[in-house]
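One structure below.
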2 protein chains.
Amino acid sequence: MIDNQNTPETAVKQDELRLEKFLPYRLSVLSNRVSNAISQAYGARFHLTIPAWRVMAILGRFPDLSAAELVEQTAMDKVAISRAVSSLLKNDYITRSEDPADRRRQVLNLSELGREVYARIVPLAQQYENDLIASLSSEEREQLDGIIEKLLVRAKEWSERGLIDE
Amino acid sequence: MIDNQNTPETAVKQDELRLEKFLPYRLSVLSNRVSNAISQAYGARFHLTIPAWRVMAILGRFPDLSAAELVEQTAMDKVAISRAVSSLLKNDYITRSEDPADRRRQVLNLSELGREVYARIVPLAQQYENDLIASLSSEEREQLDGIIEKLLVRAKEWSERGLIDE
DNA sequence: GTACAGTGGTTACAATTGAAACCAATGTTA
DNA sequence: TAACATTGGTTTCAATTGTAACCACTGTAC
């Protein structure tokens with residue numbers, strides 16, 4: 001429908017932006033498609049939102065965390081964590097206990113039920129990841145790993161040290 | 001704060017998910033950080049949301065599109081496009097004219113002002129992209145390009161043909 | 001012609017999200 | 001000890017987003 005012939009690969013004006021090749025845009029499309037697909041898979045089965053599943057995924061690996069430590073681990077904001085935690089408590093997927101040493105702090109863990117759900121979702125998630133990278137060679141997978149790591153470092157610097165030029 | 005020593009690279013239990021290495025998660029964190037940083041840069045200066053800027057970016061390259069064609073190009077949904085278009089009209093960043101051949105269809109274009117803004121944002125966006133990939137070698141940049149393309153194809157198949165196993 | 005399906009686009013309403021205000025407990029300074 | 005800043009976490013309210021219903025117009029079948 002859209003005539004592309006006037007913008008051949010070899011001659012792009014510098015003052016034009018080829019959105020379909022613009023990395024931030026491609027990352028956004030890719031990430032949204034992937035997250036939506038996966039969350040449909042487990043969301044329907046276990047009534048989990050993306051933030052809630054993330055909290056479970058972290059607690060599955062690192063027990064005895066507080067909400068603040070979850071914030072630190074996930075880069076999610078504290079309100080999102082708070083809501084995810086309260087919905088997980090309603091589902092009985094996690095437990096919460098007071099820290100006697102600091103009565104503001106509340107220690108979170110997967111419940112028995114939560115561990116069961118976790119154990120069922122993990123292979124599902126891994127299956128999606130495997131399917132996603134199925135068309136990559138093993139060299140490409142290693143390359144991707146290193147590249148993403150570098151990009152994450154850079155993007156984190158932006159959020160910590162402020163933006164370019166400012 | 002979190003003790004990582006009990007999960008060395010070399011020995012990960014298969015029934016655990018190392019979220020910080022899980023590709024969908026990393027993509028999400030990366031994409032959010034990048035989009036937020038960039039949109040802060042142009043959003044503050046030009047009162048543009050991410051969807052609105054995307055519409056401008058497409059119209060800057062492909063004039064005379066209708067809203068439906070924007071949907072096709074961007075993979076955004078039609079409501080988001082409609083809202084972006086109406087806010088851009090308010091800003092006088094785009095123009096809208098009826099298609100005499102089909103009175104439902106409305107043809108969109110950057111206005112004079114819109115072209116000026118576009119011309120100022122494009123280098124800004126490119127600067128961010130360059131900064132993001134600054135730590136990649138030129139080989140890595142090419143690798144990334146090809147890899148993302150493959151991943152996008154796969155993820156698109158998910159959204160078109162339904163999920164794995166279903 | 002009139003019916004009726006399909007398309008372009010907007011509106012309405014509910015769910016999700018984010019920013020800021022807030023409460024309670026702790027730490028720090030004097 | 002009293003004052004005040006800090007931290008952990010929740011609530012409130014407004015902005016953003018997604019789904020579905022909707023209106024206007026077009027194309028096709030009869």
Side-chain angles (χ1 to χ4, degrees), chain A residues 1-2 28-29 31-33 35-37 39-40 43-44 47-55 58-59 64-90 94-109 159, chain B residues 1-2 28-29 31-33 35-37 39-40 43-44 47-55 58-59 62 64-91 94-109 159:
Chain A
M1 186 177 280
I2 291 169
S28 166
V29 171
S31 167
N32 286 338
R33 288 219 159 104
S35 289
N36 288 339
S39 76
Q40 271 179 44
H47 297 287
L48 284 175
T49 62
I50 292 177
W53 160 243
R54 276 194 190 155
V55 166
I58 296 285
L59 289 177
D64 294 321
L65 295 188
S66 67
E69 288 161 341
L70 285 172
V71 168
E72 196 184 328
Q73 269 285 308
T74 59
M76 295 163 61
D77 90 26
K78 63 196 273 196
V79 178
I81 295 282
S82 172
R83 293 198 258 241
V85 163
S86 82
S87 90
L88 289 169
L89 285 169
K90 253 181 227 153
I94 63 172
T95 62
R96 176 164 64 177
S97 57
E98 279 198 353
D99 181 346
D102 181 343
R103 284 170 49 219
R104 296 167 303 181
R105 189 168 179 279
Q106 311 192 306
V107 178
L108 304 169
N109 273 295
S159 38
Chain B
M1 188 177 279
I2 291 169
S28 166
V29 171
S31 167
N32 286 338
R33 289 217 158 106
S35 290
N36 288 338
S39 74
Q40 271 178 44
H47 296 287
L48 284 175
T49 63
I50 291 178
W53 160 242
R54 276 192 192 158
V55 166
I58 297 285
L59 289 178
F62 304 110
D64 294 320
L65 295 188
S66 68
E69 289 161 341
L70 286 171
V71 168
E72 196 185 328
Q73 268 284 309
T74 59
M76 295 164 62
D77 89 27
K78 63 195 266 193
V79 178
I81 294 283
S82 172
R83 293 198 259 240
V85 163
S86 82
S87 90
L88 288 170
L89 284 170
K90 250 180 230 154
N91 289 348
I94 63 173
T95 62
R96 176 164 65 177
S97 55
E98 280 199 351
D99 180 347
D102 182 344
R103 285 171 48 220
R104 295 167 304 184
R105 191 167 177 279
Q106 311 192 306
V107 178
L108 304 170
N109 274 294
S159 37

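- Between B/R96 atom CZ and C/dG9 atom P the separation is 9 Å, expressed in whole Å.
- Rounded to an integer number of Å, the gap from CD1 of B/I94 to P of C/dG9 is 11 Å.
- Take A/R33 and apply the salt bridge (Lys or Arg N to Asp or Glu O under 4.0 Å) test, not counting sequence neighbours, and it matches no residue.
- Between the side chain of B/S87 and the backbone N or O of B/A84 there is at least one donor-acceptor pair closer than 3.5 Å.
- The two residues A/L108 and A/L59 make their nearest non-hydrogen contact at O-CD2, 3.7 Å.
- With sequence neighbours left out, B/R104 forms a salt bridge (Lys or Arg N to Asp or Glu O under 4.0 Å) with B/D102.
- We find the CZ-CD1 distance between A/R54 and A/I81 to be 9.5 Å, quoted to the nearest 0.5 Å.
- The nearest whole Å value for the distance from the NZ atom in A/K78 to the P atom in C/dC23 is 14 Å.
- A/E98 has its CD atom 12 Å from the C1' atom of D/dG8, to the nearest Å.
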Between the protein and nucleotides 12-15 of chain D, which nitrogen or oxygen pairs come in under 3.5 angstrom?
none

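- Atom CH2 of B/W53 and atom P of D/dT16 are 19 Å apart (whole Å).
- A straight line from CG of A/L65 to C1' of D/dG9 spans 15 Å, rounded to a whole angstrom.
- An OP1 or OP2 oxygen of C/dT10 is reached within less than 4.0 angstrom by a side-chain nitrogen or oxygen of B/S82.
- Contact annotation for A/S66: backbone-only contact, meaning every heavy-atom pair under 4.0 Å involves sugar-phosphate atoms and none involves a base.
- Checked against side chain to side chain contact (heavy atoms under 4.5 Å, CB included), B/V79 has the following partners two or more places apart in sequence or in another chain: B/D77, B/R83.
- Rounded to whole Å, the distance from CG on B/D99 to P on C/dG8 is 11 Å.
- In this structure, B/L88 and B/A52 approach most closely via the heavy-atom pair CD1-O, 3.6 Å.
- Non-hydrogen atoms lying under 4.0 Å from DNA chain D are contributed by A/R104, A/R105, A/Q106, all within residues 101-108 of chain A.
- Residues that satisfy the side chain to side chain contact (heavy atoms under 4.5 Å, CB included) test with B/S39, not counting sequence neighbours, are B/Y42, B/I50.
- Separating the CD1 atom of A/I50 from the C1' atom of D/dT17 is a distance of 14 Å, rounded to the nearest angstrom.
- A donor-acceptor pair under 3.5 Å links the side-chain atoms of B/E69 to the main chain of B/S66, judged by distance alone.
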